[in-house]
Visitor: 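One structure coming up, written as C-alpha cells, with questions to follow.
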There are 4 protein chains.
Amino acid sequence: MILSLQVDSETPLYEQLRNQIVIGIATGELAPQEKLPTVRQLAEDLGINTMTVNKAYMLLKQEGYIVIDRRHGAKVSPRTSDNPDLSPRLEEQLQLLIAQAAIQGVNQSRFQSLCSQIFAKMAYRHP
Amino acid sequence: MILSLQVDSETPLYEQLRNQIVIGIATGELAPQEKLPTVRQLAEDLGINTMTVNKAYMLLKQEGYIVIDRRHGAKVSPRTSDNPDLSPRLEEQLQLLIAQAAIQGVNQSRFQSLCSQIFAKMAYRHP
Amino acid sequence: MILSLQVDSETPLYEQLRNQIVIGIATGELAPQEKLPTVRQLAEDLGINTMTVNKAYMLLKQEGYIVIDRRHGAKVSPRTSDNPDLSPRLEEQLQLLIAQAAIQGVNQSRFQSLCSQIFAKMAYRHP
Amino acid sequence: MILSLQVDSETPLYEQLRNQIVIGIATGELAPQEKLPTVRQLAEDLGINTMTVNKAYMLLKQEGYIVIDRRHGAKVSPRTSDNPDLSPRLEEQLQLLIAQAAIQGVNQSRFQSLCSQIFAKMAYRHP
DNA sequence: GTGGTCTAGACCACA
DNA sequence: GTGGTCTAGACCACG
C-alpha cells in the first residue's frame, strides 16, 4: 500500500498516516490480520521521524483499528464491530460536512450518489 | 443563535466558532444578510478574547460565508454559489468519514438515511 | 460619471471614492475645471456618510487632483504638472506589482502590452 | 536578506513584511525552497511581536508564496505558476497606478522604460 | 461604535 | 525547536 504525505498540509503527519491507513482498511487494501510495516521501516520509507509513525500506530491501536503485539508488530484488527449507528463524533462531522456542501450548492441527490460511489469502493460492507 | 464552546476540545476555539456559524447558516438559523454579533459582543458573551472571535470572522469571510461591512459589522453572505459538485477537500473528508463508518459496521442504507435526516434540516437546499 | 462602492472591500470607502475620481480624471471622463457634485449630494446618491465623501475630497485636494472653492464647490484641477518622473511612492508600488506579476508567470511583453492598452484609455497623455 | 520596517507607515507591519518578502522572491534574493527565518527569530531581529510575523507568514502561505512545513518552518514555494494573464486585482491596481502617473505628467515611453528596468531585476522571468 | 492592528507573554501540539 | 493558539489589554482607522 502506498502512503503519501504532504508536509505542508494543515493535517499533522501522524494524522495523515492514520487517515490513509483507515481508508486502506476500509477499502480492503489492508486485509484483516495483515501485518503493517514496522515503525522503523515505515518511518524510513517516508523519511519521517519514528516518533511520528509511532504516534499514528498508537492512535490506530487506541481506536481499535489495529492490534499491536510486541512479538509480531502491528496488524490490522480482525473485523468484529457491527454497530449500525454512527458515533456522535462522526455524526457531528457529517453534519458539518453536509452544511458546507448545502451552502455551496450541492443538492441531496448529488450528495447521495457520491456517497454511493464511495461506499462501492469499501470492502467492509454490511448488508 | 446559541453558540457553545468547549474549551477542552482539540478543535481550536475559533474553529469551533466557525463551524457552528457555518451550520447556523446552512440550517437557516442565520438568514442571508443577517447581522452577526459584533466581535466585541460575541467575545464578551462567550468569555473569550476578541482576537479569537476576530480570527473566526476572518476565516468565515475568507471562505465567503460572511461579508464584513466596515459600517455595520459582519453579515451572512447573500447566497450565490450554486455549484453542484463537492469540492475535492470535502470529498476527501467524506471518503474518510465513510471509511470509518463502514469499518464500524454502519451499512450504506443506514448511512444514507442519516444523510437524509441531516439534509432535511438544511434551509440551503437545491433541487 | 458613475461611482460604485463595495462596502465589503478591504479598501476604505473614502479611498475607493478617491481612486475612482482619479481614474475619471485620467481617462478624461472628468474634464479639467469640471465641477464635482457637492459633498452632500454625492453622499446622498451613494447612501454613505457625508464625512466619508468629505474625507475623499480633502485627500484629492491635498494631492492636487481637485481644487475646492468655498463658493463654487469642488472642481477638477486645471492640468499643470508635467513631471516626467514617477514619484518614489508610485515607483515602489509598481515594483511590488511587477514582482507579483512576475512570480505569477506574466512575462514582460505581456505586461507591457497591457500597459499600452491602459495608457490608450488615458486622456492625460504626454508626448 | 535585509528587511526593514517603518513603524510610522500607513501600511501595517505584517503587510510590509509580506511585500518585502514577495519582492525578495521575485528578484531571486530568496530562492525557491529557501528557508525563511523562524517566526521567533524574525520577530526578535525586527523587534516586533511574533504574532505579527506569524500573520505575515500566514498571508504569504495563503497566497501561495511560501510553504509551511511543520518540521522545518517556512520555505519559499517551488515556482510552479505560469499564468500569462494578470489577475483582475492586479490589473485594477495597475490602472490606478497608470492613471496617477499620467496625470502627473509621466508619458508612456518613460513609464514603459521604467517597467523594463524593474523587470530586469526580476529573477522570475518568463520568455 | 465598528473592526484592524499590535504587544508581551503564555501554553500547547508537532516532530 | 518549530509553528499554532489564546489572553488581556491597548491604540488606531473608519464611518
Side-chain angles (χ1 to χ4, degrees), chain A residues 5 7-17 43 46-56, chain B residues 5 7-17 35-44 46-58 61 66-75, chain C residues 5 7-17 43 46-56, chain D residues 5 7-17 35-44 46-58 61 66-75:
Chain A
L5 299 178
V7 288
D8 61 332
S9 164
E10 308 273 290
T11 315
L13 296 180
Y14 81 92
E15 203 173 325
Q16 292 182 46
L17 225 48
L46 296 170
I48 61 178
N49 200 306
T50 56
M51 271 178 49
T52 308
V53 177
N54 191 52
K55 190 161 182 175
Chain B
L5 298 179
V7 284
D8 60 334
S9 164
E10 305 263 287
T11 315
L13 296 179
Y14 77 91
E15 205 173 324
Q16 292 182 44
L17 224 47
K35 195 178 174 311
L36 294 177
T38 69
V39 169
R40 276 191 248 274
Q41 186 62 52
L42 189 49
E44 194 182 341
L46 296 170
I48 61 176
N49 194 280
T50 57
M51 282 195 66
T52 307
V53 177
N54 188 39
K55 190 161 183 179
Y57 276 22
M58 294 304 278
K61 172 190 168 191
I66 68 173
V67 160
I68 293 178
D69 179 332
R70 279 198 140 85
R71 300 171 299 175
H72 311 108
K75 292 190 304 184
Chain C
L5 299 179
V7 289
D8 60 333
S9 165
E10 307 273 290
T11 313
L13 296 180
Y14 81 91
E15 204 174 323
Q16 292 183 44
L17 226 48
L46 296 170
I48 61 178
N49 200 306
T50 57
M51 271 179 48
T52 308
V53 177
N54 191 52
K55 192 161 183 175
Chain D
L5 298 179
V7 284
D8 59 333
S9 164
E10 303 262 289
T11 316
L13 297 178
Y14 78 90
E15 204 173 324
Q16 292 182 44
L17 225 47
K35 194 178 175 310
L36 294 177
T38 68
V39 170
R40 277 192 248 274
Q41 185 62 52
L42 189 49
E44 194 182 342
L46 296 171
I48 61 176
N49 193 281
T50 56
M51 281 195 67
T52 307
V53 177
N54 187 42
K55 190 161 181 178
Y57 276 22
M58 293 305 278
K61 172 190 168 192
I66 68 173
V67 160
I68 293 178
D69 179 332
R70 279 199 141 84
R71 298 171 300 175
H72 311 107
K75 291 191 306 183

Visitor: Check every atom of E:dG3, E:dT5, E:dC14 against the side chain of D:R70 and return the nucleotide holding the closest atom.
Guide: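 When the side chain of D:R70 is considered, E:dC14 is the closest of E:dG3, E:dT5, E:dC14.
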Visitor: Using purine N1 to pyrimidine N3 plus N6-O4 or O6-N4 for Watson-Crick, or N1-O2 and O6-N3 for G-U wobble, both under 3.5 Å, which nucleotide pairs with E:dC14?
Guide: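 In the structure as shown, E:dC14 has F:dG1 as its Watson-Crick or wobble partner.
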Visitor: Report yes if at least one side-chain N or O of D:Y14 is closer than 4.0 Å to OP1 or OP2 of E:dT5; otherwise report no.
Guide: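 Indeed, a polar side-chain atom of D:Y14 lies that close.
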Visitor: Taking the side chain of B:N49 as its heavy atoms from C-beta onward, which of E:dG3, F:dA8, E:dA15 lies nearest to it?
Guide: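 Per side-chain heavy atoms of B:N49, the pick is F:dA8.
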Visitor: Check every atom of F:dG4, F:dG9, E:dA15 against the side chain of D:M58 and return the nucleotide holding the closest atom.
Guide: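 For D:M58, the side-chain atoms sit closest to F:dG4.
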Visitor: The side chain of B:T38 lies closest to which of these nucleotides: F:dG3, F:dG4, E:dG3?
Guide: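 That would be E:dG3.
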Visitor: D:T52 side chain: which of F:dT7, E:dC6, E:dG3 is closest?
Guide: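 For the D:T52 side chain, the nearest candidate turns out to be E:dC6.
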Visitor: Please pick, from E:dC14, F:dG9, E:dG3, the nucleotide with the shortest atom-to-atom distance to any side-chain atom of B:V39.
Guide: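 Selected nucleotide: E:dG3.
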Visitor: Any donor-acceptor pair under 3.5 Å between the side chain of B:R40 and the base of E:dG1?
Guide: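 There is none.
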Visitor: Kindly say whether A:E10 contributes a backbone atom to a donor-acceptor pair with the side chain of D:R70 at under 3.5 angstrom?
Guide: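 Yes; judged by distance alone, with no hydrogens or angles, the pair exists.
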Visitor: Applying a 4.0 Å non-hydrogen cut-off, can you work out what B:I48 is touching in the nucleic acid: base, sugar-phosphate, or nothing?
Guide: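 Sugar-phosphate, no base atom in range.
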Visitor: Looking across every strand, which nucleic acid part, if any, lies under 4.0 Å from B:N54 by heavy atom: base, sugar-phosphate, or nothing?
Guide: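 If one applies the 4.0 Å heavy-atom cut-off, B:N54 turns out to touch a base.
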Visitor: Does E:dA15 have OP1 or OP2 under 4.0 Å away from a side-chain N or O of A:K55?
Guide: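 Answer no for this pair, as no side-chain N or O of A:K55 is under 4.0 Å from OP1 or OP2.
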Visitor: Please determine, for the side chain of B:P12, which listed nucleotide (E:dC6, F:dT5, E:dA15) has the closest atom?
Guide: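 Closest of the options to the side chain of B:P12: F:dT5.
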Visitor: Please figure out whether C:L13 or D:K61 has its closest DNA chain F nucleotide nearer the 5' end.
Guide: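 This one resolves to D:K61.
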Visitor: E:dT7, F:dG15, E:dC14: which one has an atom nearest the side-chain heavy atoms of B:M51?
Guide: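 That would be E:dT7.
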